Amino acid sequence: EGIAATVTRMREFYRPRAAESAQLPVQLNTVALQVIDLTHARWDGMPRERGHVITVRTDLAADLPAIPGVESEIREAMVNLVLNAADAMPSGGTLTLRTKLLPAPHQGANAGYIEVSVADTGVGMNDEVRRRCMEPFFTTKGERGSGLGLASVYGVVRRHGAEIDIRSVQGRGTTVSLIFPVPVAPEA
């Protein structure tokens with residue numbers, strides 16, 4: 001990829017998006033199912049050719065409220081997380097995509113939170129990798145990686161007022177969670 005293209009992509013992470021990305025109600029369970037379809041070749045076809053099996057499980061909470069967001073951006077962020085999870089399991093494993101509703105800790109601007117997590121049973125990260133994994137251009141994938149995947153996920157998270165949580169144990173796997181606020185519905 002050319003330097004100019006990379007610089008353009010870098011700008012995308014850090015500048016707030018213009019009005020073309022007005023936030024509309026997004027159903028995260030629907031997006032999760034689309035992401036599994038979109039990434040099918042990477043977690044099913046390619047590993048299977050090498051004799052490895054990645055099992056994909058979903059654990060989607062019923063009756064999730066919609067959140068305000070830019071669906072295409074959230075989808076792209078989740079695709080990035082699923083591809084990273086598949087890459088972290090070179091000899092196969094289990095990938096779990098989960099959604100759950102978390103209550104708000106106290107009365108306030110948010111009615112609660114929706115946590116979307118992508119968990120793998122892969123190689124995991126050591127402390128240094130976990131600390132640095134959202135830095136632009138940091139990659140553990142050598143020539144195959146641009147180091148822009150998690151940096152772009154972080155940009156989406158920031159633009160949605162969300163949080164990202166990364167838990168990893170070397171040799172045991174990684175869970176990356178995106179935690180979106182659910183705004184209190186305005187009084188009718």
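Keep in mind it's a predicted model, so treat the numbers as computed, not measured. Throughout, numbering of the chain's residues begins at 1 and tracks the sequence.
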- Task: Give the C-alpha distance, both sets of side-chain angles, the deciding distance and a yes or no for side-chain contact (heavy atoms from CB on, under 4.5 Å) between His160 and Ile74.
- Result: CA-CA 9 Å; His160 285 81; Ile74 295 172; 3.7 Å; yes
- Spell out, yes or no, whether Met78 and Met89 are grouped together once hydrophobic residues are joined by side-chain heavy atoms under 4.5 Å, including indirect joins. yes
Show me, pair by pair, the donor-acceptor contacts under 3.5 angstrom made by side chains of residues 90-97, not counting sequence neighbours?
none

- Query: What distance do Arg159 atom CZ and Tyr154 atom OH have between them, rounded to the nearest 0.5 Å?
  - Reply: 11.5 Å
Which donor-acceptor pairs under 3.5 Å do side chains of residues 170-185 form with protein atoms, sequence neighbours excluded?
unit_1: Thr174; atom_1: OG1; unit_2: Ser168; atom_2: OG; d: 2.7

- Item | Taking every non-hydrogen atom, the tightest pair across Ile36 and Thr58 | CD1-CG2, 3.1 Å
- Query: To the nearest 0.5 Å, what is the distance between CE (Met125) and CG (Asp127)?
  - Reply: 10.5 Å
- Minimum heavy-atom distance Pro105-Tyr113, with the two atoms named: CD-CE1, 3.9 Å
- Kindly give the heavy-atom pair with the smallest separation between Pro65 and Leu101, and that separation in Å. CD-CD1, 4.0 Å
- With rounding to the nearest 0.5 Å, note down the distance linking CG in Asp87 to CG in Asp120. 10.0 Å
Donor-acceptor pairs are to be reported for all side-chain atoms of residues 27-35 against protein atoms at under 3.5 Å, with residues two or more places apart or in another chain.
unit_1: Asn29; atom_1: OD1; unit_2: Thr99; atom_2: OG1; d: 2.6
unit_1: Asn29; atom_1: ND2; unit_2: Ala61; atom_2: O; d: 2.7
unit_1: Gln34; atom_1: OE1; unit_2: Arg75; atom_2: NE; d: 2.9
unit_1: Gln34; atom_1: OE1; unit_2: Arg75; atom_2: NH2; d: 3.2

- Heavy-atom nearest pair, Trp43 first then Ala86, reads CB-CB, 4.2 Å
- Flag side-chain contact, heavy atom, 4.5 Å: Arg98 against Val116: no
- Message: For a quick test of reading the model, state the closest non-hydrogen atom pair linking Ser152 to Asn80 and the distance between them.
- Response: OG-ND2, 3.3 Å
- Are Lys100 and Asp59 close enough for a salt bridge, meaning some N to O gap below 4.0 Å? no
- Query: Mind checking whether Ile54 and Asp44 have side chains closer than 4.5 Å, heavy atoms only?
  - Reply: no
- Message: Could you see if Ile67 belongs to whatever hydrophobic cluster contains Val118? Use Ile, Leu, Val, Met, Phe, Trp, Tyr and a side-chain cutoff under 4.5 Å.
- Response: yes
- Message: If you apply the rule side-chain contact (heavy atoms from CB on, under 4.5 Å), what do you find for Val156 with Glu76, and how did you get there?
- Response: CA-CA 9 Å; Val156 170; Glu76 189 180 333; 6.0 Å; no
- Task: State yes or no: do Val82 and Ile164 share one hydrophobic cluster built from I, L, V, M, F, W and Y residues joined by side-chain heavy-atom distances below 4.5 Å, directly or via other members?
- Result: yes
- Message: Side-chain heavy atoms nearer than 4.5 Å, only ILVMFWY residues, links allowed to pass through others: does that put Leu83 and Val56 together?
- Response: yes
